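Everything on this sheet refers to the single structure shown next.
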Amino acid sequence: MIVDNSYSNGLIDLLEKVDSIVAYNEGRKETFLKGEDRYEDILDNIKENFFDARIEPAYGVSLHDLTVKEMQKGKWLKLNFSSQQEINGLPFSALLFQQEECYGLNLIREYDNKYDGRCIYLSLNGLKDLNSLY
């Protein structure tokens, strides 16, 4: 598989196809729809945090039941796309990630209504506190 490390701008462009954002906090969820002020604020913050980020080979693999269980703890964001997307040969209809302070994160792919399979690793440009997204 060819890995495209210059995909950062493509990832930012891909965010324009997000239809809704779901925020999870200790298992409670709130949905923000495209066009709503809070949606726009969250998406702008994501773009700022993902600016100059690089897609790198991911060794993480998600298992649906374990991922759903982990979503009951901490803060998570799910980006729902208007149609199926693909990065480096990995298809998805949504991307899920945990909000925390980190240098990089696994974007967990939802495909066919399940969180199974390889993650997409996003190396951020320096230490980011993604808790601010909430």
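The structure displayed is predicted, hence computed values, not measured ones.
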Euclidean distance, Ile120 CD1 relative to Glu56 CD, rounded to 0.5 Å: 13.0 Å
Value rounded to 0.5 Å, distance of OG in Ser20 from CZ in Phe32: 10.5 Å
Spatial distance of atom CD1 (Ile21) from atom CD (Glu40) [nearest 0.5 Å]: 8.0 Å
Side-chain heavy atoms of Ile46 within contact of Leu15, under 4.5 Å: yes
Sub-4.5 Å side-chain heavy-atom contact between Leu77 and Val22: no
Stepwise salt bridge (charged side-chain N to carboxylate O under 4.0 Å, His left out) test for Lys34 and Glu16: CA-CA 10 Å; Lys34 191 172 204 164; Glu16 297 303 323; 5.4 Å; no
Interatomic spacing from CD in Gln84 to OH in Tyr111 - rounded to 0.5 Å: 4.5 Å
Point-to-point distance, once rounded to the nearest 0.5 Å, from CD1 of Ile55 to CG of Asn88: 7.0 Å
Asn49 and Asn45 side chains, donor-acceptor separation under 3.5 Å: yes
Donor-acceptor contact below 3.5 Å, side chain Arg109 vs main chain Pro91: yes
Side chain to side chain contact (heavy atoms under 4.5 Å, CB included) evaluation trace for Lys75 with Gln98: CA-CA 6 Å; Lys75 297 174 184 171; Gln98 189 167 18; over 6 Å; no
Main-chain N/O of Ala58 paired with Arg118 side-chain donor or acceptor, under 3.5 Å: yes
Glu110 backbone acceptor or donor facing Ser93 side chain under 3.5 Å: yes
Single-linkage hydrophobic cluster, 4.5 Å side-chain cutoff, Leu33 and Leu43 together: no
Aromatic ring pairing Phe92/Phe81, orientation class (parallel under 30°, perpendicular over 60°, tilted between): perpendicular
Check against side chain to side chain contact (heavy atoms under 4.5 Å, CB included), Leu14 and Gln85: CA-CA 8 Å; Leu14 191 65; Gln85 305 299 315; 2.9 Å; yes
Joint hydrophobic cluster, Leu105 plus Tyr121, side-chain heavy atoms closer than 4.5 Å: no
Other residues, nucleotides, ligands: >12 heavy atoms within 6.0 Å of Lys17 NZ: no
Closest non-hydrogen atom pair, Cys119 against Leu90: O-CD1, 3.9 Å
Within-4.5 Å side-chain heavy-atom neighbours: Asp52 and Leu124: no
Ser62 (side chain) donor-acceptor with Gly117 (main chain) under 3.5 angstrom: yes
Trp76 side-chain N/O to Glu70 backbone N/O, donor-acceptor pair under 3.5 Å: yes
Check: Lys29 and Lys78 side chains under 4.5 Å, non-hydrogen atoms: no
Nearest heavy atoms of Phe97 and Asn106, plus distance in Å: CB-O, 3.8 Å
Test item: Arg28 and Gln72 side chains (from C-beta on) under 4.5 Å apart, heavy atoms: no
Spacing of CG belonging to Leu96 relative to CG belonging to Leu107, to within rounding of 0.5 Å: 9.0 Å
Shared hydrophobic cluster, Tyr24 / Val68 (ILVMFWY, side-chain heavy atoms < 4.5 Å): yes
Backbone N/O of Tyr115 and side chain of His64: donor-acceptor pair under 3.5 Å: yes
